[in-house]
4 protein chains.
Amino acid sequence: MAQRATKRQVNRLPPEQRIADIMRSAREVFTEKGYSESLISDIAERAGVVEGTIYRFFENKRDLLQRVAEAWYVEMMEASEPGFGAVQGEWNRIHYVVYSHLEALQRDPGLARLVFHELRPDPHYRSTRLFELNRAYTRRIADIVREGAARGVFRADVSPSLVRDMVYGTIEHRTWAFLRNEGAFDLEATAREITNIVYGGLLPRAPGGAPRDEILARLDLLTERVDAVAQQLGS
Amino acid sequence: MAQRATKRQVNRLPPEQRIADIMRSAREVFTEKGYSESLISDIAERAGVVEGTIYRFFENKRDLLQRVAEAWYVEMMEASEPGFGAVQGEWNRIHYVVYSHLEALQRDPGLARLVFHELRPDPHYRSTRLFELNRAYTRRIADIVREGAARGVFRADVSPSLVRDMVYGTIEHRTWAFLRNEGAFDLEATAREITNIVYGGLLPRAPGGAPRDEILARLDLLTERVDAVAQQLGS
Amino acid sequence: MAQRATKRQVNRLPPEQRIADIMRSAREVFTEKGYSESLISDIAERAGVVEGTIYRFFENKRDLLQRVAEAWYVEMMEASEPGFGAVQGEWNRIHYVVYSHLEALQRDPGLARLVFHELRPDPHYRSTRLFELNRAYTRRIADIVREGAARGVFRADVSPSLVRDMVYGTIEHRTWAFLRNEGAFDLEATAREITNIVYGGLLPRAPGGAPRDEILARLDLLTERVDAVAQQLGS
Amino acid sequence: MAQRATKRQVNRLPPEQRIADIMRSAREVFTEKGYSESLISDIAERAGVVEGTIYRFFENKRDLLQRVAEAWYVEMMEASEPGFGAVQGEWNRIHYVVYSHLEALQRDPGLARLVFHELRPDPHYRSTRLFELNRAYTRRIADIVREGAARGVFRADVSPSLVRDMVYGTIEHRTWAFLRNEGAFDLEATAREITNIVYGGLLPRAPGGAPRDEILARLDLLTERVDAVAQQLGS
DNA sequence: TATGAATGAGTGTTCATTCAT
DNA sequence: GATGAATGAACACTCATTCAT
């Protein structure tokens with residue numbers, strides 16, 4: 001009889017392997033084309049499965065993106081966690097966090113773009129595991145600020161969460177051109193600059209703490225006095 | 001094929017009026033629903049025109065969004081321009097810019113969302129008039145830094161553009177929840193906090209000491225001299 | 001955004017069946033309404049599928065038309081191929097081709113219209129499979145001419161491709177009114193007439209190649225002279 | 001007071017001039033871009049008028065095309081009319097018509113394309129003035145055939161209208177590639193070839209036999225007589 | 001479990017034509 | 001007569017998701 005060729009190549013793999021394949025493939029495609037330009041069929045093909053299989057492991061396309069992004073956060077945390085404990089000194093600790101994050105962005109600008117432009121703007125972002133991961137990831141800055149304040153190195157009246165926003169906001173704006181594939185950035189210099197300015201903003205100022213215009217006010221006062229004296233002399 | 005003849009209600013208006021109507025309507029709809037959920041037909045209806053009329057004045061839906069955003073920037077600049085010149089002192093100037101921007105975001109969070117999540121991520125953003133407007137709009141921070149450095153108030157080794165990224169990055173991260181309609185922010189407090197920390201980061205630091213101490217020292221010196229003069233006179 | 005979930009009635013059929021259904025339906029609709037008046041949605045409905053299914057098998061509306069036309073050509077070739085080999089004699093062979101083609105036009109005037117007015121005018125027609133099919137289909141006329149010339153039945157100085165253009169050009173002009181649904185044509189008579197005139201134009205003329213009436217005129221002249229001489233002699 | 005610049009440049013021209021301008025412009029645009037790609041606004045601009053003005057003189061875009069095509073036919077007739085009367089002999093007369101038409105196509109392939117692919121396929125073509133013009137234009141072939149038959153030069157059993165279809169059908173198919181801008185054609189050779197084959201198809205054939213047999217038979221006859229004479233002379 | 005064919009909603013854009021000025 | 005701003009209908013195509021096999 002005619003030997004019929006098997007129509008399908010059913011490749012039964014352990015689920016973890018399948019999931020890993022799909023996520024790797026999805027990360028590739030999402031990174032290359034962005035979310036909406038990515039096709040499930042493309043992701044499936046690269047992973048060596050068919051569309052339907054993806055839906056066995058992921059709710060939908062969005063969920064797949066979420067999971068890819070979550071994995072990236074986990075990866076970033078695992079990459080920077082080990083060394084962190086050993087770093088001593090406020091400046092060094094801030095610098096470590098900033099440097100690590102910039103390094104991660106440099107490694108995976110495509111993923112960063114996805115998180116910044118696709119996931120974060122989502123109306124439900126805040127009820128997302130990604131949001132939680134991000135909080136955990138960014139908490140270290142707030143911790144450093146708190147500890148620094150406790151140790152008297154930093155001013156106590158600065159909101160740790162504000163510093164967190166400042167650090168990550170600055171990094172994000174600073175790396176835009178790069179994330180858009182429109183230029184590189186100098187990892188070392190950028191990390192140092194950002195650290196310097198943030199650190200400087202946290203250092204305590206003279207007791208009394210009046211902002212500089214108070215000083216200027218006092219200068220004005222003083223000037224008046226001098227003028228008064230000068231007038232007396234001129235008379 | 002054959003265009004069907006139908007009754008028409010032609011309502012001839014000056015182009016400026018039409019454009020204004022359409023942009024107002026587009027701003028409303030875009031703000032309410034976001035870009036992709038907005039329908040041209042909806043915008044047209046609210047503006048009291050038909051779809052085709054919109055395409056007389058705007059290339060396409062995207063162009064309409066651009067123009068709305070540009071107008072917003074112009075509006076923001078006009079709103080904050082007048083007062084700026086009168087503000088004296090570095091702290092006050094930074095605070096003015098931060099406060100104005102926060103105020104604008106508070107007034108139009110929808111537009112901010114559009115710019116941040118729709119327009120800025122666009123691959124061609126940097127060749128856009130909006131990009132130019134944004135540069136003009138954000139230049140003031142860099143100018144303040146430069147002038148402050150020239151006057152010796154600020155450290156000279158800080159990149160003005162880094163400060164710009166810091167200011168706007170911080171503001172953006174700080175107001176996310178609000179832009180997402182998930183909470184308000186305290187305009188006064190936020191402006192002050194951001195200004196304080198940025199300002200603090202810019203002040204020169206005495207090697208080993210707080211920067212303002214130097215100022216105080218000089219003040220004291222000056223005071224001594226004045227007192228000396230006064231004494232001479234009084235004697 | 002989110003694709004809405006709806007109940008579905010999936011009806012899995014072998015691809016050949018689906019394609020056949022769609023092409024049959026498309027042929028109907030295109031034939032009835034012409035290309036631009038035909039709606040994909042209409043074609044889909046008659047084929048018992050949804051629009052999307054059509055796009056699984058056909059690139060776009062134009063491609064669908066192409067494929068329908070190609071199938072028509074294949075059909076025409078299959079219909080007239082078998083008998084052709086058995087036909088003997090140049091006149092009969094030309095007549096067979098002409099007759100078959102007229103018969104095909106009579107059967108499917110709508111398709112002919114589509115090919116003539118939609119597909120052939122297309123700027124890319126010549127790089128089309130339809131063009132190839134047409135060449136194969138019309139080659140027989142050229143072959144007949146070539147063979148006839150080789151056998152000495154036809155003049156050797158006639159371009160086979162010109163005859164092809166003549167045959168199909170004549171048929172096309174002759175059947176216009178019919179293709180336009182403005183009258184019928186007599187299949188037998190038309191085929192005979194066209195065959196006669198074409199055949200007549202192919203028969204060899206006296207060597208020397210002067211046009212035939214000139215030859216006849218000179219023959220008359222010569223005859224007269226001969227007669228004159230004969231008369232003189234006979235007298 | 002400020003001198004206001006005149007908003008409009010009303011250029012009142014005699015209607016004939018306006019119409020001529022518009023038709024010239026329309027002929028240009030239609031010829032360059034084809035019917036459906038041509039924009040009324042483009043035609044208007046090139047003619048130095050606005051859209052509305054065109055509609056004062058032409059019913060609609062289609063009508064404009066019609067009128068342009070009609071003018072072309074009139075032009076063709078005027079171009080070939082004068083010489084025609086002077087041409088003697090059936091072959092020459094057919095050749096004159098064929099040559100003139102090929103020449104016209106060569107001059108204005110764009111217009112030919114428009115007539116062939118846009119106007120003629122129209123369902124209402126036959127109730128069109130263009131159709132009438134075409135009939136008048138192509139009548140000469142039928143007339144030649146009729147006259148030739150009356151003078152005994154052509155067979156009497158050939159339908160003049162069939163010959164007309166043959167001539168114009170052949171010309172059209174023969175010049176396709178050229179009309180499509182995909183190659184040139186040799187005016188002289190093409191005209192001669194087409195004339196030859198058509199002419200040959202019209203010549204009378206001996207009843208029951210191939211036409212050249214008649215010539216040969218008469219030649220044999222004549223030869224016999226000549227031989228007879230020769231014999232007489234030789235005797 | 002895996003397959004992959006079938007589903008079907010949803011909208012920006014064009015441009016001939018009109019008619020108030 | 002000329003202007004040109006306003007009209008508005010009309011439709012191909014995509015692709016995430018499902019579910020019968």
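No experiment lies behind these values; they were computed from the predicted model shown. Here is the naming used below: chain letters follow the sequence lines, and residue numbers restart at 1 for every chain.
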Under the 3.5 Å Watson-Crick or G-U criterion, the dot-bracket string of DNA chain E, with | for inter-strand pairs
.||||||||||||||||||||
Where each residue is assigned the nucleotide of DNA chain F containing its nearest heavy atom, which of C/T53 and B/G52 is assigned the position nearer the 5′ end?
B/G52
Is C/D108 reaching over with its side chain to a backbone N or O of C/L111, donor-acceptor style, under 3.5 angstrom?
no
So, does A/R180 use its side chain to make a donor-acceptor pair with the main chain of B/R126 at under 3.5 Å?
no
Given F/dG4, F/dT17, E/dT3, identify the nucleotide with an atom nearest to the side chain of A/V49.
E/dT3
Within this structure, what is the CD1-to-P distance between D/I40 and E/dT18, rounded to whole angstrom?
11 Å
Rounded distance (Å) that lies between atom C1' of E/dC15 and atom CD1 of D/I54
13 Å
Tell me: CD of C/E45 to P of E/dG8, nearest whole Å?
12 Å
Pairwise side-chain contact, D/Q66 with D/E70, heavy-atom cut-off 4.5 Å (strictly under)
yes
Heavy atoms, side chains only, cut-off 4.5 Å: are C/T53 and C/V50 in contact?
yes
Can you tell me if C/R18 touches the phosphate of E/dA6, counting only side-chain N or O atoms and a distance under 4.0 Å to OP1 or OP2?
yes
Does anything in residues 56-71 of chain B reach DNA chain F, meaning a heavy atom under 4.0 Å, and if so which residues?
B/R56, B/F57
Side-chain donor or acceptor of A/S25 paired with backbone N/O of A/D21 under 3.5 Å
no
What closest approach, in Å, do C/F30 and C/K61 show between heavy atoms, and which atom pair accounts for it?
CZ-O, 4.1 Å
Using only side-chain N and O atoms of A/Y55, determine if any of them is under 4.0 Å from OP1 or OP2 of F/dT17.
yes
Whole Å only: how far is the CD1 atom of A/I22 from the P atom of E/dT1?
13 Å
Check the distance between E/dA5's P and C/D21's CG and give it to me in whole angstrom.
16 Å
Can you name the salt bridge (charged side-chain N to carboxylate O under 4.0 Å, His left out) partners of C/D42, sequence neighbours left out?
C/K33, C/R46
For D/S36, answer base if it contacts any base atom (sugar-phosphate contacts may also be present), sugar-phosphate if it contacts only those atoms, and nothing otherwise; contact means non-hydrogen atoms under 4.0 Å.
nothing
Whole-Å distance, B/I19 CD1 to F/dA5 P, equals 11 Å
Could you give the OH-to-C1' distance, from D/Y35 to E/dC15, as a whole number of Å?
11 Å
Measure the shortest side-chain to side-chain distance between C/L114 and C/W72 over non-hydrogen atoms and say whether it is less than 4.5 angstrom.
no
Please confirm whether C/R62 makes a cation-pi placement over C/Y35, using NZ or CZ under 6.0 Å from the six-membered ring centre and within 45° of the ring normal.
yes
Taking atom P of F/dT14 as reference, at what distance in whole Å does atom CG of A/D42 sit?
16 Å
Choose from E/dG10, E/dT13, E/dA16 the nucleotide whose nearest atom is closest to any side-chain atom of C/E51.
E/dG10
